[in-house]
Amino acid sequence: MSAEARLVVSDLRVVVTGTGADVVDEVAFSLDAGETLGLVGESGSGKTTVALALLGHARRGLTIDSGTVIADGIDLLTLRPKELQGIRGSRVAYVPQDPASALNPALKIGRQLRDVFRKDRSGSKDGDSIDARVENVLAAVRLDEAALSAYPHQLSGGQQQRAAIAMAFALRPGVIVLDEPTTGLDVTTQRHVLSTIRTLCADEGIAAIFVSHDLAVIGELADRVAVMYAGRVSEIGAIAEVFNSPKHPYTVGLLGAVPSTDRAHPLTGMEGEPPRPGERPAGCFFAPRCPFCRPHVCTDDEPPLDLIAGSHSVRCVRVGEIAPRVGAGSEGFATARAAGAAVLTVRDLRASYGAKQVVHGVDLELDDGECLAVVGESGSGKTTLARCIVGLHQRWQGELDWRGQRLVKAARQRTPESLRAVQYVFQNPYGSLNPRKPIRHIVEQPLRRFTDLSRGERGRRAVAALEATALSASFLNRYPGELSGGERQRVAIARALVIEPEVLVCDEITSSLDVSVQAAIVEMLRDLQAERRLALIIITHNLGLVRSIADRVAVMHDGRFVEQARTSQVLDSPQDGYTKRLLADLPHIATATAEPGLPPEAWLTQPGT
Amino acid sequence: MRAISPAADAQIAGAPPLELEELPAGVGPRDSVLRGVFRTTRGRIGAGLALLVVLVAVIGPFVAPHSPTEFVGPPFAKPSSAFPLGTDTLGRDVLSRTLKGGWELLLLGLAGTAAGVLLGATIGVVAAFRGGLLDAVLMRGVDVVLAFPQLVFALLLVSVVGPKLWLVVLAVAVAHAPQVGRVIRSAALDVSERDFISSAELIALPQREIIFSEILPNLTSPLMVETGIRLTYSVIIIAGLSFLGFGLQPPEPNWAVMINENRGGLSANSWAIVAPAFLLALLTIGVNTLTDAIARVSLGVDGRRAATAVVPARPPALEVRE
């Protein structure tokens, strides 16, 4: 802990008001001027709770119980609400995830920026007028002057986020907290926003806390990283150290679950989910999911955060005994598959929303047992294409054939055989399952519609479908509300599989899930595809996923396929300028890969057991 | 400087006043909303008050000490040991009339509410799910009926046909249907845009089945809330009609007629008005509190669901960026 540390957090503890169950505990770190700490973890790990606590704020229902947060020499947690108000923005600033909700939709950007300076009691350090200061900060975040006279809705997502960043950086705070600021943005916009943040922090000497679930983004931006699990820091250290030689099994699992465009490694998902506040086990919180867990050694006492080298600390009692390794690379698995007959053919498909055309003449052919990935940024028309194929979007022209049979636009008018053959899995598992129906009803629904099987036989097939998606018969009587996001998405896939389709159209099905869950689902899809000779259309914005699963990739941009070829070809030697840009803008985790060819379970090696 | 996002602030200031301890643990679809409601203080108080009034109305007729239409004493006698609540304008026992004057009112109220909610819900769900011209026609029809104040509309019907009990029920139902229709339509619109409805569309599930099996089960909370609110309105409308002489007819006792009849004796024996008015008030407060609890618990259930969702209900990829 250096003397001139900008931010010192010690023993931070946030609890659920009333019950006293801790959400976050024993969080401690310090940051120097100009240094950036990445705070990474899956949903529910407490990273946002920590971020807000740095501003002296706790979400409704939570209370900051103890600890100190000293920013710029001021202990925030001892301040009165009124004093905190003065500190926020001027000493400690915050950039939220969704800029659209951070900006006042009724006021022009210029007015909102000027308000920031007007409320600043300290006045300008250089004696500049407000207008001059607005101009300066605008230039710093590389926003056009024209943005000043625009309302927030007239700006793109990236511009909105820049405006929000401008407001946060405006008064040159000592500490800035960025809560997933690039999560909703396209990779290109994300890269620009990240570089803006990096430059600003370095130039102004601001200590930044960068909260993200995206390891690659953290790797691009941060100097140090703290991995959070179940409200504790499980590993903290310099980026290079933590990412290249992770010591905590959870960090290793996370890194192994991140898909990469560089190598087609089998993604390793982690079973289970983090324990919730109040339900945390004795001993190490990760023990129930940890492949290295030893009874008593790991399950009796909570392990302390031990310093192992330099600034690298790990919360694992077995850190000296185990040598976990990140999933190994291998050459693409998907390439050797023999192509079958064409199952789905699309010719010159043009689709529109109202007067606006969003898909401009797309051709594609999908063979039996083949996996085609359609990659594109939001607004590229990829979801519209998928919805046209399955019959949910009906404003399109062109030809769509299933095994030589012409498919009409509306699903309701299609033949039962074609409906059965082409199944769709929705992006959001929180919306695609009827919350009032038990899983049994949901999974059996297609069977009731398309077959006249007996109740018993339907139940058997439902169980078989659930088991194919790594669930069990015990789920039959549960409701969607009792399931985690990953489990819900598995149920949605089971519902699609239960009537043995030929084509499965998956629309961003992992985008709302944590990486470890995403990895498990992608692995499952790959196995299913091989077992059942299922043809897959994977709609995704995640180029990393593509390498792990797809035979062929179609890159979509502004409603057109700009490139369509074998996966390795597109990723290794992209031809189109857009594809090249997309690949270049993608944040990478610079990890040293382990030896190739290891089976997935070998990512963990256990000497001396 | 707004350091904290307005969204974060809204969570503090604008969020519905849901106390954490008021959210019973494990309120899921399996645990019905009603069971959750009875775990809240608000729900228990509301249900208790409403039940009390219902008990008075149901058991009352059997325990009334006198015949409600018998003249047992002088008009507006003060309460005495023989007549605990005194007598009314014609010298009838107020206690007996109060005990006997509830069940008819409640029964008519229930019938009118049930009919009104049924009619309104049908209009709302059909309009929301079918959309297009049918939606427009139904909703404009609703607007026309809404243009009449509820009581005036009921009066219009009753004064044309004459005071018949079935007509009172019908008038109440017709007065409620538009409002129920509106509320249920917007709730059903929300539900029918969710992905699981699209999923049912994708297997071409018959529309009837989509409405009854997929949409309606998701409308139980707004339906319960509507029923609660409408029930108190129903009783008030019927009481109002009866007060004006169009609903329940004398000499049979009922709380509304009693208030009307005994207006003149407010100073002589105020109990003749206070007793029925008190019961009506109790019923209204009880049912409204219960309704409030239902709304809060079902909102809490949905709120928890929303809190666990990582992405918005609609896939952002659907947005067409300029």
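Order of the sequence lines sets the chain letters (A, B, ...), proteins ahead of strands, with each chain counted from 1. This one's a predicted model, so the numbers in the text were calculated from it and none came from an experiment.
- Of the atoms belonging to A:R495, it is side-chain heavy atoms, and not backbone ones, that fall under 4.5 Å from chain B.
- Here the side chains of A:P480 and A:I439 are in contact, with some heavy-atom distance below 4.5 Å.
- At a 4.5 Å heavy-atom cutoff, the contact between B:S213 and chain A is made by backbone and side-chain atoms alike.
- Judged purely by distance below 3.5 Å, without hydrogens or angles, the side chains of A:Q445 and B:E214 pair a donor atom with an acceptor atom.
- A:H393 does not touch chain B: none of its heavy atoms, backbone or side chain, sits under 4.5 Å away.
- Using a 4.5 Å cut-off between heavy atoms, A:R449 touches chain B through its side chain atoms alone.
- No side-chain donor-acceptor contact under 3.5 Å links B:T232 and B:T284.
- Under a 3.5 Å cut-off, the side chain of A:R91 and the backbone N or O of A:P173 do not form any donor-acceptor pair.
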